[in-house]
Amino acid sequence: MLVLYNIGILLYYTLVYIVSLYKNKAKLWIKGRSGQHVQPLKSSIWFHFASLGEFEQGRPVLEAVKNDYPQHPIVVTFFSPSGYEARKNTPLADAVYYLPLDRAANARKFISTINPVMAIFTKYEYWYHFFNELHKKHVPLYIISGIFRPGQVFFKWYGGLHRKMLKMVTWFFVQDIPSKHLLHDVGITNVTISGDTRFDRVWANAQQPKEQPEIAAFKNGQKIFIAGSTWPADEQLIAALIAQHPDWKFIIAPHEIGEDEISGVVSLLPKETTIKFSGISHLTSNISYLIIDNIGMLSSLYQYADIAYIGGGFGAGIHNTLEAAAFGMPVIFGPKYDKFKEARDLVELKAGFSINSQEGLNSVAGLLMGDETARDNAAAIAKNYVKQHIGATNAIIKYVKERH
């Protein structure tokens, strides 16, 4: 199985290399790894994140560890360019790198160079050679905000190598009871149900959000419908909704902000009343539609909105609903949300609303935009849901400090 795993890693690299010839994101993935030089450290604490979303999810733990262990430099790695490019200069880390390709030699070299005293991976990201090298060197490895589903390879008959990876983890901090039970079923008992550190992050952000005076000027006392982390399928729906609610303002923050993606959104909206954030210095009173053409603002934009639509539900799966819910607003999203416990919870509580068509969006949004009482009730439920689920970071840090 290890031979097949190694072949798979090489095939993945080859595929990304081919795609990098015409896709910028893949080009960054290749170039970032081939050009980086890892600085030697006598000791460190290593945090790894798949991408930007996982960084924000694990950020409360990162902040706490940085505060509690000032004697150890913090090393952060990312798998995805979207995470690395957005946080390569974060003050929370002493060094930020792309995770090298998961080869045995790369793992040995990287770990022997940064010399971690512990490693903390967020949610998912299981790399055999890095895990194995940490295990051989007796470096504690923690998985935080872990979540598992029956369909994952760990629980399949052919998942022996991946189960071996699980056995290399020092301790799992998982989000829910089903995850713990799944791990127990394959003989993994070093598990604590701590919850999801995203709740801590989004709650802290909502208590002290970064002010955005340009957005306040755009709002100008009117109601705002915000569509965050959208993809083309989502944007088509929002564009059709806009015409039905001329008394509302709309903000669209696409997940991808390349020139083609932003131009695609611009083409859907009325030219004379639409502006991009990069041109917001030209804001006039007739502007009703704002397109966010940068990365990193979304989490602070929700403070100005009244209803949120979260993108991704017509693709691989929805993006972060909790950032919006923490500010106290109803959240609407597409049909692919089953993998996300918080989205399922919000739907059950009637603070989240899943739609699968234009008619569905028109109906749900029409109700929430037209009925202030219904909107306020859903908003209060959403905010209270987030507040009730904070505390995962404290549980994790308490365990780690007892052992380090």
Heavy-atom check, side chain of [X] versus side chain of [Y], under 4.5 Å:
X      : Y      : result
Leu166 : Leu183 : yes
Phe47  : Val65  : yes
Met165 : Tyr5   : yes
Lys276 : Val266 : yes

Ignoring hydrogens and angles, state whether a donor on the side chain of [X] or [Y] is under 3.5 Å from an acceptor on the partner side chain.
X      : Y      : result
Thr122 : Ser145 : no
Ser179 : Asp176 : yes
Asn115 : Ser43  : no
Asn362 : Gln244 : yes
Asp196 : Gln57  : yes

Inspect the contact between [Y] and [X] and indicate whether a charged nitrogen and a carboxylate oxygen are less than 4.0 angstrom apart.
X      : Y      : value
Asp338 : Arg149 : no
Glu348 : Arg344 : no
Glu342 : Arg198 : yes
Arg375 : Asp371 : no

*Can you tell me how far the CD1 atom of Ile307 sits from the CH2 atom of Trp248, to the nearest 0.5 Å?*
3.5 Å
Parallel under 30°, tilted from 30 to 60°, perpendicular over 60°: which one fits the rings of [X] and [Y]?
X      : Y      : answer
Tyr126 : Phe148 : tilted
Phe49  : Phe78  : tilted
Phe173 : Tyr142 : tilted

*Sole residue of Ile251, Leu268, Leu269 in side chain to side chain contact (heavy atoms under 4.5 Å, CB included) with Ile291*: Leu269
*Go through the steps for Phe79 and Tyr98 under the test side-chain contact (heavy atoms from CB on, under 4.5 Å), then give the verdict.*
CA-CA 6 Å; Phe79 180 78; Tyr98 280 101; over 6 Å; no
Determine whether the aromatic ring centres of [X] and [Y] lie less than 6.0 Å apart.
X      : Y      : answer
Trp171 : Tyr399 : yes
Tyr84  : Trp29  : no
Tyr385 : His389 : yes

_Ring of Phe110, cation from Arg108 - is the NZ or CZ under 6.0 Å from the centre and inside 45° of the axis?_
no
*Evaluate the salt bridge (Lys or Arg N to Asp or Glu O under 4.0 Å) criterion for residues Glu63 and Lys66: first the C-alpha distance (whole Å), next the side-chain angles of each, then the deciding distance (0.1 Å), finally the verdict.*
CA-CA 5 Å; Glu63 291 173 336; Lys66 183 175 178 62; over 6 Å; no
_Trace of the side-chain contact (heavy atoms from CB on, under 4.5 Å) decision for Lys383 with Phe327_ = CA-CA 6 Å; Lys383 187 171 185 177; Phe327 280 103; over 6 Å; no
